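Note sheet for the following structure.
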Amino acid sequence: MNKRDNRRARIKKTIRGTKETPRLVVFRSNRYIYGQLINDATGQTLVSVDKITDAAVAGKELAEKASKLKVKNVVFDRAGYKYHGNVKKFAEAAREAGLVF
C-alpha cells in the first residue's frame with residue numbers, strides 16, 4: 001500500500017454519507033477531475049460530474065446539480081489526496097456555489 005491508500009483507508013473508516021448529508025467524493029487523474037455525491041446507506045450515486053479539466057468548474061457544476069436535488073450539507077471525502085491543488089480548488093468552488101461542509 002502506498003501513502004494515498006493508507007490515508008484513504010483511515011478517512012473511509014469515519015466518513016459515511018446519508019440521504020440528508022451525502023458524501024462528496026473527489027477523484028483526480030492526470031488529465032481530468034471527477035466528483036460525485038454518494039448515499040452510503042443505499043449505495044446510490046445521487047449526482048456526478050466527470051471528465052472536466054478545470055477543478056473549479058467541476059466543483060461549481062456539482063454544487064449546482066446538488067442544489068437542484070435540494071442537497072446543501074455534504075461530507076467531504078478527499079479519497080486520500082492531500083488537500084491542495086486541484087482538490088482544494090474543487091472544494092472551494094463547491095463551497096462558493098452553496099454546498100456546506
Side-chain angles (χ1 to χ4, degrees):
M1 291 182 99
N2 58 25
K3 287 183 180 182
R4 178 177 170 252
D5 290 336
N6 290 335
R7 279 192 304 267
R8 184 172 187 218
R10 196 170 54 240
I11 293 167
K12 186 80 169 151
K13 283 191 289 187
T14 60
I15 294 179
R16 292 282 172 231
T18 63
K19 185 177 181 182
E20 296 78 28
T21 58
R23 181 168 51 107
L24 170 58
V25 183
V26 62
F27 173 77
R28 63 179 177 87
S29 67
N30 288 336
R31 187 179 220 178
Y32 300 114
I33 192 151
Y34 305 80
Q36 56 185 346
L37 292 179
I38 299 175
N39 177 357
D40 287 318
T42 61
Q44 182 181 19
T45 299
L46 305 174
V47 175
S48 66
V49 293
D50 59 351
K51 286 192 176 181
I52 298 179
T53 55
D54 188 9
V57 172
K60 183 179 177 185
E61 187 176 319
L62 186 85
E64 290 171 355
K65 287 182 177 183
S67 67
K68 290 179 184 176
L69 290 177
K70 298 180 181 163
V71 172
K72 185 174 181 177
N73 295 322
V74 297
V75 178
F76 187 62
D77 181 2
R78 55 190 172 94
Y81 299 113
K82 292 183 179 179
Y83 188 79
H84 70 91
N86 283 332
V87 174
K88 185 175 180 180
K89 287 180 192 175
F90 181 89
E92 289 175 350
R95 279 190 186 110
E96 288 175 7
L99 287 181
V100 177
F101 56 94

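Because the structure is predicted, anything quoted here is derived from the model rather than measured. Residue numbers start at 1 and run along the sequence shown.
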Can you tell if the side chain of K82 reaches within under 4.5 Å of the side chain of R7, non-hydrogen atoms only?
yes
Separation of N6 CG from M1 CE (nearest 0.5 Å)
5.0 Å
Heavy-atom neighbours of R8 CZ exceed 12 at 6.0 Å
no
Between the CG atom in N86 and the CG atom in D54, the distance rounded to the nearest 0.5 Å is 8.0 Å
I need the full list of ring pair (Phe, Tyr, Trp, His ring centres under 6.0 Å) pairs touching residues 4-44, with sequence neighbours left out, sorted by first then second residue.
F27-Y34
Evaluation steps, side-chain contact (heavy atoms from CB on, under 4.5 Å), between K19 and Q44
CA-CA 9 Å; K19 185 177 181 182; Q44 182 181 19; over 6 Å; no
When you compare the side chain of R95 with that of V100, does any pair of heavy atoms fall below 4.5 Å?
no
Could you grab the distance from atom CG of L24 to atom CG of L46, nearest 0.5 Å is fine?
11.0 Å
Side-chain donor-acceptor pairs under 3.5 Å in residues 65-80, sequence neighbours left out?
residue	atom	partner	partner atom	Å
K65	NZ	S48	O	3.0
S67	OG	E64	O	2.7
D77	OD1	A79	N	2.9
D77	OD2	R23	NH1	2.8
R78	NH1	Y81	O	2.5

Using 0.5 Å steps for rounding, measure from the CD1 atom of I33 to the OG1 atom of T53.
10.0 Å
Tell me, do Q36 and V49 make a side-chain contact under 4.5 Å, heavy atoms counted?
no
Which heavy atom of A91 sits nearest to which heavy atom of F101, and what is that distance?
O-CZ, 3.5 Å
Report yes or no: do I15 and L62 belong to one cluster of Ile/Leu/Val/Met/Phe/Trp/Tyr joined by side chain heavy-atom distances under 4.5 Å?
no
Heavy-atom closest pair, residues A63 and A97
CB-CB, 3.4 Å
Would you mind listing every ring pair (Phe, Tyr, Trp, His ring centres under 6.0 Å) that reaches into residues 52-73, with sequence neighbours excluded?
none
Among residues at least two apart in sequence or on other chains, which ones pass side-chain contact (heavy atoms from CB on, under 4.5 Å) with K88?
Y83, E92
Qualifying ring pair (Phe, Tyr, Trp, His ring centres under 6.0 Å) pairs, either residue in residues 40-70, two or more places apart:
none
Between N2 (side chain) and D5 (backbone), is there a donor-acceptor pair under 3.5 Å?
yes
Atom pair CG (L99) and NZ (K60), whose distance is rounded to the nearest 0.5 Å
13.0 Å
Can you list, by chain and residue number, the hydrophobic cluster partners of I38 when the side-chain cut-off is 4.5 Å?
V25
